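Here the structure is a predicted model, which is why all the values come from computation and not from measurement. Quick note: residue numbers are just sequence positions, from 1.
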Amino acid sequence: MALQDTLKALADPTRREILNMLKSKGMIAGDIAQNFDMSFAAVSRHLSVLKEARLIRDKREGKFIYYELNASVLEEVMLWISSISAKKEENR
């Protein structure tokens with residue numbers, strides 16, 4: 001997945017809130033959806049976008065699918081941003 005797709009996924013406030021919810025524990029889609037005033041289908045679409053951007057991953061446990069944060073992709077983005085910031089400081 002390209003960096004631009006990851007940044008596009010991060011641009012949406014609902015998706016950022018989902019990532020925030022997943023930082024401490026994995027959750028099933030129904031539990032995530034209860035925190036938003038939107039349809040389950042809309043939350044499911046947000047989860048799909050995050051998964052396509054590799055920001056989350058899913059894990060099946062019995063009949064449930066748990067979503068969890070994939071911090072390694074966020075770390076890659078942070079490293080990229082830090083490298084740009086460092087180059088800007090070098091040019092001053």
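Applying the salt bridge (charged side-chain N to carboxylate O under 4.0 Å, His left out) rule to Lys51 yields the partners Asp58; only residues at least two apart in sequence or on another chain are considered. Among residues two or more places apart in sequence or in another chain, the side chain to side chain contact (heavy atoms under 4.5 Å, CB included) test is passed with Ile81 by Val77. By the salt bridge (charged side-chain N to carboxylate O under 4.0 Å, His left out) test, Lys63 is found to be paired with no residue, residues two or more places apart in sequence or in another chain being considered. Residues passing the side chain to side chain donor-acceptor pair (under 3.5 Å) test with Ser72, sequence neighbours excluded: Asn70. Residues passing the side chain to side chain contact (heavy atoms under 4.5 Å, CB included) test with Ser39, sequence neighbours excluded: Ala41, Ala42. Applying the side chain to side chain contact (heavy atoms under 4.5 Å, CB included) test to Asp37 and every residue at least two apart in sequence or in another chain returns nothing.
For the pair Phe40 and Arg45, the minimum side-chain heavy-atom distance is 4.5 Å or more. Residues Asp5 and Glu52 are not in side-chain contact: their nearest non-hydrogen atoms beyond the backbone lie 4.5 Å or more apart. Two residues are said to be in side-chain contact when any heavy atoms from C-beta on lie closer than 4.5 Å; Tyr67 and Ile18 fail this criterion.
Summarising the geometry of Leu69 relative to Leu22, their closest heavy-atom pair is CB-O, 3.8 Å, with the distance given to 0.1 Å. Across all their heavy atoms, Ala9 and Val49 have their closest contact at CB-CG1, 3.9 Å. Minimum interatomic distance between Ile56 and Leu47 (heavy atoms only, all atoms of both residues): CD1-O, 3.6 Å.
The hydrophobic cluster around Ile28 extends to Phe64, Tyr66, counting ILVMFWY residues whose side-chain heavy atoms fall within less than 4.5 Å of a member.
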Quiz item: Hey, mind stepping through Leu74 and Thr6 against side chain to side chain contact (heavy atoms under 4.5 Å, CB included) and telling me if it holds?
Solution: CA-CA 9 Å; Leu74 289 172; Thr6 302; 5.9 Å; no
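Within the structure, the salt bridge (Lys or Arg N to Asp or Glu O under 4.0 Å) test picks out no pair touching residues 9-36 (sequence neighbours left out). Each salt bridge (Lys or Arg N to Asp or Glu O under 4.0 Å) pair with one or both residues in residues 67-82, not counting sequence neighbours, appears once here: Arg54-Glu76, Arg57-Glu68, Lys59-Glu68.
Within a 6.0 Å sphere centred on CE of Met38, heavy atoms belonging to other residues, nucleotides or ligands number more than 12.
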